[in-house]
Amino acid sequence: MLRGTVVLLLLSLNLMFWGTLVLLLSLFKLVAPAGVVRRRVVLLLVALGERWVEGNNRIVGSFLPIQWEIEGIDGLRRDARYLIFANHISWADIFVVFRALHRRVAFIRFFIKQELIWLPLVGQAAWAMEFPFMKRYSADYLARNPEKRGKDLETTRRACERYRLIPVAILNFLEGTRFTLDKHAEQDSPYRYLLRPRAGGAAFVLASLGDQLDGVLDLTIAYPGHVITAWQFISGRVPLVRVRVRQLQVPQEMLGAVVAEPGAARDRLKAWIHEVWMEKDRFLESAVSAAGDTERFPARPSPPTPTPGPPRQK
């Protein structure tokens with residue numbers, strides 16, 4: 001309890017310090033003209049964000065007895081544009097991803113719910129550093145307002161257009177939510193340690209930045225026992241964190257606008273992501289087996305049998 005309280009306090013102070021500096025500098029962003037001047041302001045804001053990450057890493061490294069096993073990060077470039085696929089287990093994943101890739105790739109952005117823009121310091125700082133905000137609609141709301149369907153993906157396209165001017169690493173938790181056994185059962189997931197991935201956000205990033213992407217990274221996070229809480233992480237009850245990064249070769253046909261629309265290319269993207277997720281599931285199986293905690297997870301399901309869809313009209 002004491003360790004967790006101290007770490008939480010230090011992380012909060014680190015956020016307030018660097019977040020305040022970001023907010024002050026963001027005033028220049030409001031008045032900066034579009035083009036070179038605005039780009040320089042954004043890069044300076046990103047440099048402050050990097051210092052925030054360094055502070056977090058020092059706090060975690062000093063107070064938490066975590067053994068880190070990180071593989072696959074050699075050869076990455078800070079001046080490149082990457083799309084990062086990652087599984088999602090806990091809020092602690094953010095600290096893990098930033099630690100694993102800090103100074104290895106450009107400053108990482110990830111998708112944030114639109115409502116969080118009002119969260120003190122965090123929301124405004126994310127806006128200043130041009131994180132992509134997503135407006136989520138419930139199924140009931142979309143049923144009443146079908147014209148709103150697809151608006152969240154339009155937000156992705158607009159955000160990615162801005163990234164054409166700067167190096168960026170875009171983190172996408174394809175599952176869309178944190179893993180729990182209840183969600184796993186509700187989805188009838190075909191994977192043992194993962195939820196079903198969603199291809200929509202990845203499709204629009206590939207459609208918007210595909211011609212300028214330098215690579216796609218598959219990042220897999222594993223904790224002993226696999227399912228943890230953020231409190232367990234900051235209170236020192238996670239002795240080992242394993243991270244594996246793989247650089248993926250994306251088929252050329254998936255790097256254009258065609259994957260953003262229903263059709264054969266979009267179907268092939270889903271099949272390709274499924275293969276990525278199957279490999280990720282196998283890695284998690286080895287990590288969880290080593291921790292001796294397989295009993296809490298369902299038996300590995302049989303590989304799903306592809307179901308042919310209706311014939312497409314020409």
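This structure is a prediction, so every number in the text was calculated from the model and none was measured.
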Are [X] and [Y] connected, step by step, through hydrophobic side chains (Ile, Leu, Val, Met, Phe, Trp, Tyr) whose heavy atoms are closer than 4.5 Å?
{"X": "Tyr193", "Y": "Met278", "result": "yes"}
{"X": "Leu119", "Y": "Leu11", "result": "yes"}
{"X": "Trp18", "Y": "Leu44", "result": "yes"}
{"X": "Phe63", "Y": "Trp91", "result": "no"}
{"X": "Ile94", "Y": "Ile70", "result": "yes"}

Donor-acceptor pair, side chain of [X] and main chain of [Y], under 3.5 angstrom:
{"X": "Trp277", "Y": "Asn87", "result": "no"}
{"X": "Arg266", "Y": "Ala203", "result": "no"}
{"X": "Lys183", "Y": "Arg178", "result": "yes"}
{"X": "Arg244", "Y": "Glu69", "result": "no"}
{"X": "Arg38", "Y": "Lys29", "result": "yes"}
{"X": "Arg237", "Y": "Trp231", "result": "no"}
{"X": "Ser90", "Y": "Ala230", "result": "yes"}
{"X": "Asp214", "Y": "Tyr82", "result": "no"}
{"X": "Ser189", "Y": "His184", "result": "no"}
{"X": "Glu175", "Y": "His88", "result": "yes"}

Work out which heavy atom in Ala80 is nearest to a heavy atom in Pro167; give both atom names and the distance.
->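 Heavy atoms of Ala80 and Pro167 come nearest at O-CB, 3.8 Å.
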Do you know which two heavy atoms are closest between Leu76 and Ile73, and how far apart they sit?
->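 So the two residues come closest at CG-O, 3.4 Å.
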Going through the checks in order, is the side-chain contact (heavy atoms from CB on, under 4.5 Å) test met by Arg104 and Asp74?
-> CA-CA 8 Å; Arg104 298 281 184 171; Asp74 294 335; 3.9 Å; yes
With side-chain contact (heavy atoms from CB on, under 4.5 Å) as the test, would you mind laying out the steps for Val22 and Gln124 before giving the verdict?
-> CA-CA 9 Å; Val22 167; Gln124 295 79 47; over 6 Å; no
From [X] atom [atom1] to [Y] atom [atom2], the distance as rounded to the nearest 0.5 Å:
{"X": "Leu45", "Y": "Phe28", "atom1": "CG", "atom2": "CZ", "value": "10.5 Å"}
{"X": "Gln67", "Y": "Leu240", "atom1": "CD", "atom2": "CG", "value": "5.5 Å"}
{"X": "Ile170", "Y": "Leu213", "atom1": "CD1", "atom2": "CG", "value": "7.0 Å"}
{"X": "Asn14", "Y": "Asn56", "atom1": "CG", "atom2": "CG", "value": "5.0 Å"}
{"X": "Leu217", "Y": "Leu171", "atom1": "CG", "atom2": "CG", "value": "10.0 Å"}
{"X": "Leu13", "Y": "Leu8", "atom1": "CG", "atom2": "CG", "value": "9.5 Å"}

Just so I know, are the side chains of [X] and [Y] near enough to count as touching, which here means a heavy-atom distance under 4.5 Å?
{"X": "Thr20", "Y": "Leu23", "answer": "no"}
{"X": "Pro190", "Y": "Arg196", "answer": "yes"}
{"X": "Arg3", "Y": "Leu64", "answer": "yes"}
{"X": "Tyr223", "Y": "Asp93", "answer": "yes"}
{"X": "Arg109", "Y": "Val46", "answer": "yes"}
{"X": "Ile84", "Y": "Leu101", "answer": "yes"}
{"X": "Val96", "Y": "Trp68", "answer": "yes"}

Applying the side chain to side chain donor-acceptor pair (under 3.5 Å) test to Thr220, which of Lys280, Arg246, Glu279 qualifies?
-> Lys280
Ion pair Arg282/Glu285, N-O distance below 4.0 Å |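 Salt bridge: no.
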Any idea how Phe95 and Phe233 line up, ring-wise: parallel (<30°), tilted (30 to 60°), or perpendicular (>60°)?
->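 Answer is parallel, since the angle falls under 30°.
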According to the interplanar angle, ranging from 0 to 90°, do the rings of Phe98 and Phe110 count as parallel (below 30°), tilted (30 to 60°) or perpendicular (above 60°)?
->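 Correct class here is perpendicular.
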